[in-house]
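Note sheet for the following structure.
Any value given below was found using the heavy atoms of this structure, including those in side chains, with hydrogens, waters and symmetry copies removed.
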Amino acid sequence: SETHLLCEQQIMLLKAECSLGMGKALDRRSPEAEGLGEKMAIHAHLHRREMERKNSELDRVRDELRQLTWRYAAQSEEVERLRGLNGQLTQRNENFQSIKAKLKEQFELHTQEHKSITEQLERTLQKNKRLKREVQELRGALAEAQATSG
């Protein structure tokens, strides 16, 4: 950032001035010392501002992270709830399929029984018709025999 660039420039200037002043001790009241003190104060102020900005940015990122964590937790709870429902529905579906298979099997057995009974009734009906004809023939023969003998 621009502030950071200014800080870097100030640090380089301070280093250069310090290295120049290493050969002689600076008197605190000297103009060089006062200028250096001012520059260090400015640098410290700029550095504090940069740190405040970074801290503010970190706080914003932490807030976003907290919000995302909360949303993720809420979504995770919802996913677990839906998984539970899915498990229940799966179990119900399996039960339904089992009942359906049993009912189909029973239906097929009843259909076979119905077919067998229907065939048996058909044979019995045919036999009854045949017996009825025989009875009619015998009655006719009996009536004829009685008419001729009587």
Side-chain angles (χ1 to χ4, degrees), residues 1-22 33-150:
S1 73
E2 191 175 316
T3 307
H4 187 54
L5 199 56
L6 285 173
C7 283
E8 290 296 324
Q9 290 172 349
Q10 288 293 323
I11 290 170
M12 289 181 64
L13 282 173
L14 288 173
K15 283 181 179 177
E17 287 179 12
C18 284
S19 65
L20 287 174
M22 290 293 232
E34 285 178 18
L36 186 59
E38 261 182 55
K39 288 178 182 178
M40 289 182 79
I42 291 170
H43 172 72
H45 174 72
L46 292 174
H47 189 65
R48 272 193 304 277
R49 296 291 297 167
E50 181 69 13
M51 294 307 291
E52 287 170 1
R53 189 190 65 73
K54 286 181 180 179
N55 283 338
S56 173
E57 180 68 15
L58 279 174
D59 289 342
R60 185 188 66 73
V61 169
R62 282 186 191 113
D63 286 344
E64 281 183 31
L65 182 60
R66 266 191 293 278
Q67 289 176 4
L68 289 172
T69 302
W70 181 83
R71 274 191 236 145
Y72 176 76
Q75 288 174 351
S76 293
E77 288 175 15
E78 181 67 7
V79 165
E80 287 306 314
R81 186 184 72 78
L82 292 173
R83 281 185 181 151
L85 286 175
N86 187 43
Q88 291 174 2
L89 290 174
T90 300
Q91 183 62 45
R92 286 181 183 174
N93 186 41
E94 288 171 359
N95 292 344
F96 172 77
Q97 294 300 327
S98 173
I99 291 169
K100 181 180 170 185
K102 287 176 185 175
L103 287 173
K104 184 177 181 181
E105 185 179 316
Q106 288 177 355
F107 177 77
E108 288 172 1
L109 284 174
H110 288 301
T111 301
Q112 289 173 0
E113 287 175 14
H114 181 267
K115 183 179 178 186
S116 174
I117 291 171
T118 301
E119 288 171 355
Q120 188 177 4
L121 285 172
E122 188 65 38
R123 285 191 303 271
T124 303
L125 181 63
Q126 294 301 323
K127 185 177 179 180
N128 283 346
K129 285 180 182 178
R130 191 182 75 242
L131 289 174
K132 194 174 185 181
R133 275 194 311 267
E134 286 177 12
V135 166
Q136 286 175 349
E137 287 175 9
L138 288 174
R139 280 185 186 158
L142 180 62
E144 211 179 289
Q146 286 176 345
T148 53
S149 68

Please list, one pair per line, the donor and acceptor atoms closer than 3.5 Å that link side chains of residues 76-88 to other protein atoms, with sequence neighbours excluded.
residue, atom, partner, partner atom, Å
Ser76, OG, Tyr72, O, 2.9
Glu78, OE1, Arg81, NE, 3.2
Glu78, OE2, Arg81, NH2, 2.8
Glu80, OE2, Arg83, NH1, 2.9

Return the OG1 to CZ distance between Thr69 and Arg66, rounded to the nearest 0.5 Å. 9.0 Å

Lys/Arg N to Asp/Glu carboxylate O, Asp63 vs Arg60, below 4.0 Å: no

Glu144 side, atom CD; Glu137 side, atom CD - distance, nearest 0.5 Å: 11.5 Å

Check: residues 98-122 side-chain donor-acceptor pairs under 3.5 Å, at least two apart:
residue, atom, partner, partner atom, Å
Thr111, OG1, Phe107, O, 2.7
Thr118, OG1, His114, O, 2.7
Glu122, OE2, Gln126, NE2, 3.1

Distance (rounded to the nearest 0.5 Å) between Arg49 CZ and Glu52 CD: 5.5 Å

For the CD atom on Glu64, are there more than 12 heavy atoms of other groups (residues, nucleotides or ligands in this structure) within a distance under 6.0 Å? yes

Working to the nearest 0.5 Å, report the span between CG of Leu65 and CG of Leu58. 11.5 Å

So, do Arg139 and Leu142 sit near enough that their side-chain heavy atoms are less than 4.5 Å apart? no

